[in-house]
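Small disclaimer: the values here were computed from a predicted structure and weren't measured. Naming convention: chains lettered A, B, ... in sequence-line order (proteins, then strands); numbering from 1 in each chain.
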2 protein chains.
Amino acid sequence: QLSGSPFPELSKKSCIPCNSKDLHAMSEDSAKKSLEQVTGWELKNEGDILKLHRAWKVKNFVKGLEFFQLVAAVAEEEGHHPDLHLVSWNNVKIDVWTHSVRGLTDNDFILAAKINELKLEGLLSKKKATSHE
Amino acid sequence: QLSGSPFPELSKKSCIPCNSKDLHAMSEDSAKKSLEQVTGWELKNEGDILKLHRAWKVKNFVKGLEFFQLVAAVAEEEGHHPDLHLVSWNNVKIDVWTHSVRGLTDNDFILAAKINELKLEGLLSKKKATSHE
């Protein structure tokens with residue numbers, strides 16, 4: 001297996017439509033368990049809403065927007081859209097959550113896994129990303 | 001005059017390099033006065049740092065990224081980069097401030113005025129933007 005993800009099964013799945021009545025936000029315990037499948041992501045609780053968060057440091061502002069374009073291609077394909085932030089000119093921060101259930105679903109972990117598989121060569125800075133600032 | 005800005009003089013200026021030792025954050029009073037020159041923007045105080053903030057609702061996620069590309073062209077030209085946020089798939093939120101002085105300078109109002117002059121036809125939703133959520 002050539003790809004970098006240790007959890008190929010998750011990144012091979014597709015998001016299911018979020019308009020299902022049966023869709024509920026998962027518990028924090030379930031989220032913590034699923035988190036093991038998406039390297040680099042962390043849980044954050046924002047206004048009592050559980051979200052997946054990851055930060056990257058890019059080489060510059062324009063590279064940050066190139067990163068966003070790669071994420072957008074995945075998001076459009078899945079019909080599931082993360083929150084994108086480009087702050088202090090070279091910090092990309094992404095929050096993935098399911099707005100309709102105000103929390104996390106399997107879809108979010110699928111999207112995070114797919115974002116982890118993006119080819120970011122040439123975009124990232126060698127400096128370490130800072131998640132919180 | 002065909003352009004939409006009632007303050008053409010500000011949008012015609014260029015940002016000055018921020019590495020000057022003489023550059024200081026302006027007072028809140030000065031900021032409130034300068035705010036009259038940038039229609040649609042508001043002041044926000046975040047962690048004791050004064051920032052210019054404006055929100056737009058775009059038609060969809062991809063249009064939001066097209067918006068970012070237009071902003072990036074201005075930001076690169078000025079060498080002054082705002083914080084960009086695309087949240088809940090169609091809400092573009094932009095913060096403009098001068099990181100090196102942890103506050104606002106004339107540069108920020110110049111950049112805001114230039115962002116106001118961008119041609120956003122075809123990108124914006126007819127729904128009203130929500131600044132805070």
Side-chain angles (χ1 to χ4, degrees), chain A residues 15 17-19 44 46-49 51-53 55-103 107-108 111 115 123 125 130 132-133, chain B residues 15 17-19 44 46-49 51-53 55-103 107-108 111 115 123 125 130 132-133:
Chain A
C15 293
C18 291
N19 50 10
K44 78 170 182 186
E46 208 168 46
D48 232 19
I49 297 174
K51 302 177 180 179
L52 284 175
H53 178 78
W56 297 259
K57 201 173 270 291
V58 287
K59 286 185 174 167
N60 57 50
F61 195 78
V62 169
K63 300 285 184 191
L65 291 188
E66 281 180 38
F67 190 162
F68 282 176
Q69 294 294 348
L70 297 178
V71 172
V74 175
E76 287 291 306
E77 197 173 331
E78 297 300 322
H80 192 47
H81 297 90
D83 292 349
L84 305 179
H85 309 275
L86 179 53
V87 300
S88 304
W89 73 273
N90 69 346
N91 294 284
V92 164
K93 294 164 191 277
I94 301 185
D95 294 327
V96 176
W97 55 294
T98 302
H99 296 70
S100 60
V101 304
R102 300 178 61 80
N107 285 348
D108 300 303
L111 186 62
I115 291 173
L123 301 182
S125 163
T130 47
H132 304 290
E133 63 175 52
Chain B
C15 293
C18 291
N19 50 9
K44 77 170 181 186
E46 209 168 44
D48 232 18
I49 298 174
K51 303 177 180 179
L52 285 175
H53 178 79
W56 296 260
K57 200 174 271 289
V58 287
K59 285 185 177 169
N60 57 51
F61 195 79
V62 169
K63 300 286 184 189
L65 291 188
E66 283 181 38
F67 190 161
F68 283 176
Q69 295 294 350
L70 297 177
V71 172
V74 176
E76 287 292 306
E77 196 173 336
E78 297 300 322
H80 192 46
H81 298 90
D83 291 348
L84 305 179
H85 309 276
L86 178 53
V87 299
S88 304
W89 71 272
N90 69 344
N91 294 284
V92 164
K93 295 165 190 279
I94 301 184
D95 294 327
V96 177
W97 55 293
T98 302
H99 295 69
S100 60
V101 303
R102 298 178 62 81
N107 285 349
D108 300 303
L111 186 62
I115 290 173
L123 300 183
S125 161
T130 46
H132 305 289
E133 64 175 53

**Message:** For residues 64-72 of chain B, give me every residue with a non-hydrogen atom less than 4.5 Å from any non-hydrogen atom of chain A.
**Reply:**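 Result: B/Leu65, B/Phe68, B/Gln69, B/Ala72.
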
**Item:** salt bridge (Lys or Arg N to Asp or Glu O under 4.0 Å) against B/Asp95, all qualifying residues, sequence neighbours excluded
**Value:**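 So B/Asp95 forms a salt bridge (Lys or Arg N to Asp or Glu O under 4.0 Å) with B/Lys44.
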
**Message:** Just verifying a value: how many Å separate B/Trp89 CH2 and A/His80 NE2, rounded to the nearest 0.5 Å?
**Reply:**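 Result: 14.0 Å between the selected atoms.
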
**Inter-residue atom distance B/Asn90.CG - A/His81.NE2, 0.5 Å rounding** =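 These two atoms lie 10.0 Å from each other.
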
**Side chain, backbone, both or neither of A/His99 within contact of chain B (heavy atoms, under 4.5 Å)** =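 For A/His99, the side chain is the part near chain B, not the backbone.
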
**Request:** Verify the neighbour count for atom CD of B/Glu77: are there more than 12 heavy atoms of other residues, nucleotides or ligands below 6.0 Å?
**Result:**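 No, not enclosed.
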
**Asked** What closest approach, in Å, do B/Phe61 and A/Ala75 show between heavy atoms, and which atom pair accounts for it?
**Response**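 What the structure gives for the nearest pair is CE2-CB, 4.3 Å.
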
